[in-house]
K.L.:
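The following block contains the structure, expressed as structure tokens.
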Amino acid sequence: MATEVEPEQTEQSEQPAQEAVEPTRADRVKTAFAEQRRNASARTKDWLAASDLDQVDVIQAATDRKQRRQAERIAQQQRRVAQLHARLHMAKAQTEDGVKVTGLPALAGQVAEAEARLEAMQAEPVLPPTDREIASLRQTKKASRAAALFGGGFASLPALGTAVEMTAHGQPIVLAALGTAAGYGWYLVSRPFVAGQPAPAPTMTGQPVMPVQPLATPINLSKPQPQPQSDPEPRARTFDAPPPPALTVQQLEEALRKIGMVKGDDQLQILAVPQREKDGNTTVVFDLPAGQKVATLQQKIEEFAGAIGRDSTMVDIEKAGSAVRTSLWITDEDPFENTRPSPLIKQPAQLDAFKDGVPVGWGKRGNTIKLPISTSNIAIGGGTRSGKGVGASNLAVGATFDPRINVRIVAGKNNGEWDPYARAGIAATYFKPDPARLLALLQALIADKDRREAELGRLGKSKLVAPAIEQVGGIELVIIDELATYTRPGKPLQEEILEALVLLASVAAGAGIILGIITQYPGVDVFPTELAVNFTTKWAMRVDTAQQSNAILGAGSSGMGRDASKFDPPRPGLGWLVNPFVGLTDKARSFDLDEDERGEITMLLEKAATIRQAAGRLAGQWDDPIERHLLNATGLTSAAGGPKRDGVPGRSVLTRTPEQRMQIEACRGALNAMESLGRDVAQLREMAELIGGSMTETRLGELLRAAGAGGTVKITIPGRDGQVRGYRRDDIKDALDLLLGE
């Protein structure tokens with residue numbers, strides 16, 4: 001008999017079975033998390049294996065890496081070029097300041113070599129990466145990802161799992177409360193698979209995975225989130241490459257073949273390829289073939305310059321060590337086109353003319369040329385308006401800045417070109433055309449030569465050396481302007497003057513007596529060979545013929561390329577300058593030094609006079625044996641240009657008392673004041689004001705009375721009513737003439 005089951009009992013018996021089938025909430029959470037962990041693990045393994053990287057991306061990354069490395073190499077070479085340029089610039093600056101720098105051509109060669117290497121690097125193309133480089137990059141990516149992972153990239157995953165388990169057991173921690181990047185990161189890597197494969201992880205190519213940091217605010221996944229922007233690829237440092245070289249190696253070799261320096265199968269050995277410097281010039285260092293020498297190439301500089309399409313002023317050739325190693329410098333512009341002021345104008349300081357020389361001009365490379373005043377006679381020649389006078393002025397003015405040099409000037413004209421040296425009190429001797437006085441001066445110098453040689457003998461010296469300069473009485477620099485005024489055939493005392501000049505030029509330089517001659521008519525009749533051979537420093541400016549050029553530079557010079565008749569265009573002060581003692585045989589242009597318009601010579605002589613006065617070497621401050629001889633021989637003095645300082649010898653003023661000298665200067669100042677006022681009468685007050693300095697009205701009256709001009713008298717000044725007391729011009733002029741013995 002069947003038993004009927006109550007409905008309540010049926011419901012109670014089915015409920016436990018139903019609870020056993022349904023998983024609990026904690027089970028569901030664990031199951032979901034387990035699936036997420038499997039997804040994350042698979043995705044992480046796929047990421048570590050770099051399976052997400054497309055082959056094209058890897059190739060591009062490898063190419064970018066090669067480009068970055070090339071850019072780094074170029075940047076490193078740029079730094080080396082900059083360092084070498086800085087060293088070369090410093091060496092050139094030291095050379096211009098008179099410091100002897102060794103290895104300058106070698107340093108220039110290093111600069112050219114470094115720049116050539118830089119140019120080669122920049123021209124080198126970046127080739128596509130090889131299979132090995134691509135595999136290496138993929139391996140690097142794997143290693144970097146592993147390092148990022150184990151370094152903490154996913155260090156928050158265990159903590160996240162713990163948080164979920166704690167939530168499942170009822171702990172008061174919920175996943176939403178985390179609000180961290182760790183939670184978002186977990187979400188990204190634990191997404192479901194797509195078509196059975198892990199979806200690509202959202203990583204940034206080339207960027208390491210950073211440790212996850214908590215966010216300030218929770219992320220709202222219902223809104224689109226801004227995507228992180230990757231940093232742009234690092235760019236190579238830009239470099240403004242110099243323009244192409246002004247001369248290729250092929251052009252250089254062809255030019256040398258044209259002039260016979262490279263023959264047959266001979267080859268040049270290029271040590272530093274042509275490379276433009278920052279100033280636009282080009283330097284190349286090379287070895288000539290065996291049997292050729294740098295000196296031979298220097299003699300053919302005119303031919304070589306023409307072969308490369310330039311003037312010889314734009315080419316400079318130096319020996320860079322051995323007899324065949326050549327440092328060739330080329331410019332595209334004429335370095336002598338524009339004038340330059342003397343460096344003494346900017347810095348008028350005392351010089352050592354014996355050791356360092358005096359600045360007279362500049363060379364092709366812009367270097368200051370200094371001529372030493374020591375053991376070499378100096379000849380400067382050139383035609384009318386060739387600039388020889390300016391060149392001589394640079395020499396003479398520079399010499400005045402060494403107080404040990406006694407400057408003696410024999411003018412060839414009656415103008416005032418050399419008067420500033422007298423007015424400044426610097427010229428130990430100065431007179432205008434006077435053959436008899438010139439002969440007397442040369443005879444005085446010959447006698448002084450004997451005295452000097454005897455003094456050097458007592459000192460145990462065979463020639464003048466720096467420590468003995470002051471002991472023998474200084475260096476004598478005798479400047480004879482317009483030599484033709486005295487040595488041209490038919491001139492008074494021409495033979496006697498030439499004989500004395502030849503004697504002094506041949507034997508007196510070693511005793512410290514240096515001749516400096518200037519001539520507008522360079523020829524054997526004016527500057528004969530027996531005289532010219534003893535002038536080892538020569539400056540030939542523009543002349544008319546090769547014969548005139550040879551008369552200055554020496555026989556055969558024009559045949560060796562040194563021809564002062566071929567300047568094109570001729571520029572004032574530009575000439576061939578030869579000085580074997582400083583290894584100079586090249587073109588040079590004198591500094592621009594003007595007196596007529598800018599008064600630069602007077603300004604510099606005032607500076608030099610200050611230096612000489614402190615040293616006690618102004619005219620009249622020291623016992624001058626040459627002027628003493630002239631005074632005894634002629635009865636007249638030409639010290640400081642004579643009594644009037646105008647190049648006209650007169651009775652000695654230097655032998656008068658200091659008070660008499662002040663009286664003479666007071667008379668001259670009063671006469672100059674009247675000339676400025678434009679009348680023949682003046683009051684003491686107005687004359688004292690015009691004289692200036694420390695002169696007062698009272699002191700001027702005392703000096704004029706003592707000089708013999710008498711006291712003040714009544715005078716009438718035009719334009720004024722009545723009479724006042726003052727002086728008449730005639731009274732002061734008579735007193736001055738009496739003092740001067742005229």
Side-chain angles (χ1 to χ4, degrees), residues 98 342-344 348-360 369-380 391-411 418 420-430 441-442 444-445 448-449 451-452 455-456 463-481 504-505 508-518 535-537 579 581-582 593 601 604-627 638-641:
S342 169
L344 288 175
Q350 183 169 332
L351 302 177
D352 185 342
F354 184 84
K355 177 183 177 183
D356 302 325
V358 299
V360 296
I369 295 176
K370 297 181 178 180
L371 291 183
I373 300 177
S374 53
T375 57
S376 173
N377 297 308
I378 304 167
I380 302 176
S393 293
N394 277 278
L395 175 69
V397 169
T400 66
F401 280 85
D402 188 336
R404 302 171 302 173
I405 296 180
N406 309 322
V407 181
R408 305 189 190 276
I409 302 170
V410 180
W418 297 95
Y421 297 82
R423 291 195 299 266
I426 287 177
T429 296
Y430 169 49
L441 172 62
L442 296 176
L445 289 168
D448 195 54
K449 173 192 72 71
R451 178 193 65 81
R452 287 168 172 266
E455 185 65 26
L456 288 173
K463 62 180 181 180
L464 185 65
V465 292
I469 292 176
E470 295 182 1
Q471 297 184 53
V472 300
I475 299 173
E476 297 288 339
L477 176 61
V478 184
I479 298 175
I480 304 176
D481 191 12
L504 283 172
I513 300 176
I514 309 299
L515 298 179
I517 65 101
I518 308 164
F535 285 75
T536 48
T537 298
N579 186 311
F581 297 99
V582 295
L593 200 58
I601 292 179
L604 289 175
L605 292 176
E606 289 174 353
K607 302 288 186 181
T610 302
I611 296 173
R612 287 177 168 264
Q613 185 175 28
R617 298 297 289 184
L618 283 177
Q621 287 185 308
W622 56 288
D623 183 20
D624 184 355
I626 303 299
E627 273 300 322
S638 50

K.L.:
So which atom in A609 and which in A424 form the shortest heavy-atom distance, rounded to 0.1 Å?
P.N.:
CB-O, 3.7 Å
K.L.:
Is there a side-chain contact between F401 and I611 (heavy atoms, below 4.5 Å)?
P.N.:
yes
K.L.:
Would you say the side-chain atoms of T537 pair up with the backbone N or O of S376, donor to acceptor, closer than 3.5 Å?
P.N.:
no
K.L.:
Can you tell me how far the CD atom of E476 sits from the CD1 atom of I513, to the nearest 0.5 Å?
P.N.:
6.0 Å
K.L.:
Picking from N406, D624, I426, what satisfies side chain to side chain contact (heavy atoms under 4.5 Å, CB included) with R617?
P.N.:
N406
K.L.:
Do L464 and I469 come close enough that some side-chain heavy atom pair is under 4.5 Å?
P.N.:
yes
K.L.:
Considering residues at least two apart in sequence or located in another chain, which fulfil the side-chain contact (heavy atoms from CB on, under 4.5 Å) criterion with A505?
P.N.:
N377, L515, L531, N534, F535
K.L.:
Determine whether a donor-acceptor pair (N or O, by modelled atom type, separation under 3.5 Å) exists between the side chain of R451 and the backbone of V472.
P.N.:
yes
K.L.:
Is there side-chain contact between I626 and L445, with heavy atoms separated by less than 4.5 Å?
P.N.:
yes
K.L.:
Decide yes or no on side-chain contact (heavy atoms from CB on, under 4.5 Å) for L442 and L504, but give the supporting numbers first.
P.N.:
CA-CA 8 Å; L442 296 176; L504 283 172; 3.7 Å; yes
K.L.:
Kindly give the heavy-atom pair with the smallest separation between L604 and P348, and that separation in Å.
P.N.:
CD2-CB, 4.2 Å
K.L.:
Taking all non-hydrogen atoms of both residues into account, name the closest pair between R452 and G512 and its distance.
P.N.:
NH1-O, 4.0 Å
K.L.:
Can you list the steps and then say if L371 with I373 is a side-chain contact (heavy atoms from CB on, under 4.5 Å)?
P.N.:
CA-CA 6 Å; L371 291 183; I373 300 177; 5.9 Å; no
K.L.:
Identify the heavy atoms of P359 and L344 that sit nearest to each other, and give their distance.
P.N.:
CG-CG, 4.1 Å
K.L.:
I405 and side chain to side chain contact (heavy atoms under 4.5 Å, CB included): which partner among I475, T400, I514?
P.N.:
I475
K.L.:
Nearest 0.5 angstrom please: I479 CD1 to D481 CG, how far?
P.N.:
9.0 Å
K.L.:
What distance separates Q471 CD from E455 CD, expressed to the nearest 0.5 Å?
P.N.:
7.0 Å
K.L.:
Might you point out which heavy atoms bring L456 and G510 nearest each other, and give the distance in Å?
P.N.:
CD1-O, 4.0 Å
K.L.:
Which salt bridge (Lys or Arg N to Asp or Glu O under 4.0 Å) pairs, counting each pair once, include a residue from residues 392-406, with sequence neighbours left out?
P.N.:
D352-R404, D402-R404
K.L.:
Are the side chains of K355 and P372 in contact, using a 4.5 Å heavy-atom criterion?
P.N.:
no
K.L.:
If you draw a 6.0 Å radius around CD in Q621, do more than 12 non-hydrogen atoms from other residues or ligands fall strictly inside?
P.N.:
yes
K.L.:
Does a side-chain heavy-atom distance below 4.5 Å link I601 with Y421?
P.N.:
yes
K.L.:
CD1 of I378 to CG of L395: how many Å apart, nearest 0.5 Å?
P.N.:
4.5 Å
K.L.:
F354 and A466: which non-hydrogen atoms are nearest, and at how many Å?
P.N.:
CE2-N, 3.7 Å
